[in-house]
Student: 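Encoded as structure tokens, here's the structure I'll be asking about.
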Amino acid sequence: MSLRTSREILVTPGPTMIPDEVLGAMHRPTVDLYSEALHEVTLSCLADLRALFRGSGDTYIYAANGHGVWEGALSNTLSRGETVLVLESGQFAKGWGEMARMLGVLVETLPGDWRRAVNPEKLCEKLKADKAHKIKAVLVVQVDTASGVCNDIAAIREAIDTASHPALLMVDVIASLAAIPFEMDAWRVDVAVGAAQKALMMTPGLGFVATSAKAKEANRTAGLRTLYWDWQFRDGKEHYKKYCGTCPEHLLFGLRKSLDLIKAEGLDRVQHRHRLLAEATRRAVSVWAQSGALSLNATEPSERSDSVTVIRLEARYAERLMDYCRNVCGVVLGVNIGELSGEGFRIGHMGDITAATILGTLGVIETALGALSVPHGKGGVAAAIGYLARSTAKTSTAAVEKPRSAAKKVEAPVGA
Ligand SMILES: *Cc1c(COP(=O)(O)O)cnc(C)c1O
């Protein structure tokens with residue numbers, strides 16, 4: 001028995017679903033690499049990315065995935081034999097640290113818990129103990145996509161200031177850029193790295209690096225610089241230097257469209273939508289967890305991410321539940337990774353997601369819990385609906401922008 005068709009609802013935490021407008025924007029002929037119009041697209045994307053990062057420093061677009069821009073951030077600011085401090089809150093900062101280690105950088109780790117955010121007081125103590133200022137950079141993720149934990153970057157900045165430590169603050173916002181507030185300038189972040197395929201609703205293939213003046217200063221003496229990643233080369237005037245070679249034209253056309261969609265909706269509205277749909281997800285899971293085999297991985301409510309929810313579920317149920325959702329209902333959930341591998345699943349609620357996507361996903365999961373007799377508290381979806389109904393009770397029901405289907409005159413239905 002199947003209740004699905006070919007188009008799946010993909011709620012993995014990256015890559016995410018791509019709006020048809022963005023797919024359509026890439027379906028066009030190649031243009032001359034040297035055309036002024038193409039150069040203009042690059043400049044407009046850079047300006048809009050700066051606005052998303054809420055930064056005023058130089059920003060770079062790379063033909064790369066997230067791992068690529070991790071390397072881009074490190075190689076532009078550090079030298080072999082220098083030390084970085086990795087703040088653990090799941091999988092991803094550790095992965096970034098692993099990359100640093102292979103570049104010849106010494107890596108220290110502030111140990112963390114997979115269920116909690118980074119503790120800023122512990123960071124402060126650790127930095128105070130580094131009297132010789134051996135630590136050149138602090139590496140942290142805003143949202144750890146493996147644990148579903150959201151770190152408080154402002155508090156981490158404050159901890160570094162309280163310790164009067166000069167280390168660069170480098171933040172991975174790959175799973176949070178556009179989805180939740182981030183303040184490059186206000187939080188004095190030195191390097192932030194993002195990627196296109198998560199909340200930016202684009203294909204994988206583009207990575208972004210935003211910088212501060214202090215990071216640019218570090219770049220002058222960084223021994224790990226290579227031509228491809230190097231900021232100085234990319235600061236050159238010619239368009240080809242911005243990519244150290246051929247501009248990834250079609251990816252750029254797609255990015256231009258996704259940035260247009262975010263601008264049209266408004267960043268505040270985008271983030272509000274993420275907040276409500278994430279909370280609806282958590283309400284449902286919390287009810288299922290009341291008398292069941294499931295639980296939210298992040299134990300502290302204020303540390304739960306609005307872009308991805310990580311759910312623990314015994315392995316003997318998790319695989320069958322994910323298979324049911326995909327094969328019977330056409331909803332693709334994310335697998336758990338790292339320490340939680342096999343033990344549960346993830347719901348990515350970032351990018352091109354609506355109430356229908358999330359309520360549909362939650363409804364399918366609840367159907368699976370019933371069909372597979374997984375012990376669970378009853379009424380999770382109802383709790384999500386109740387929450388969304390209350391949260392939107394005072395919302396204007398006028399369309400923000402006329403939906404395309406409403407643009408045509410529609411015949412009145414018979415009997416109306
Ligand atoms: C997805 C992700 C990455 C890795 O990005 P890739 O494009 O797969 O290399 C890094 N950090 C975070 C927080 C992520 O969510």
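Counting starts at 1 for both ligands and their atoms, in listed order. In this text the structure is predicted, and so the values were computed from the model without any measurement.
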Student: Please evaluate residues Leu123 and Leu85 with respect to the criterion side chain to side chain contact (heavy atoms under 4.5 Å, CB included), reporting the C-alpha separation (whole Å), side-chain torsions for both, the decisive distance (0.1 Å), and the verdict.
Tutor: CA-CA 9 Å; Leu123 169 62; Leu85 177 64; 3.7 Å; yes
Student: Would you compute the distance between atom CD of Glu98 and atom CD of Gln91 and round it to the nearest 0.5 angstrom?
Tutor: 10.5 Å
Student: May I ask you to check whether His133 and His165 place their ring centers less than 6.0 Å from one another?
Tutor: yes
Student: Return the orientation label for the Trp70 and Trp96 ring planes: parallel under 30°, perpendicular over 60°, tilted otherwise.
Tutor: parallel
Student: Can Arg188 and Asp185 be counted as an ion pair, charged N to O under 4.0 angstrom?
Tutor: no
Student: How would you list all residue pairs meeting salt bridge (charged side-chain N to carboxylate O under 4.0 Å, His left out) that involve residues 189-206, not counting sequence neighbours?
Tutor: none
Student: Just the distances, no angles: every ligand 1 N or O to protein N or O pair closer than 3.5 Å, one line each.
Tutor:
residue	atom	partner	partner atom	Å
ligand 1	7 (O)	Gly66	N	2.7
ligand 1	7 (O)	Gln197	NE2	2.7
ligand 1	9 (O)	Gly66	N	3.1
ligand 1	9 (O)	His67	N	2.7
ligand 1	9 (O)	His67	ND1	2.5
ligand 1	11 (N)	Asp172	OD2	2.6
ligand 1	15 (O)	Thr145	OG1	2.3
ligand 1	15 (O)	Lys198	NZ	2.6

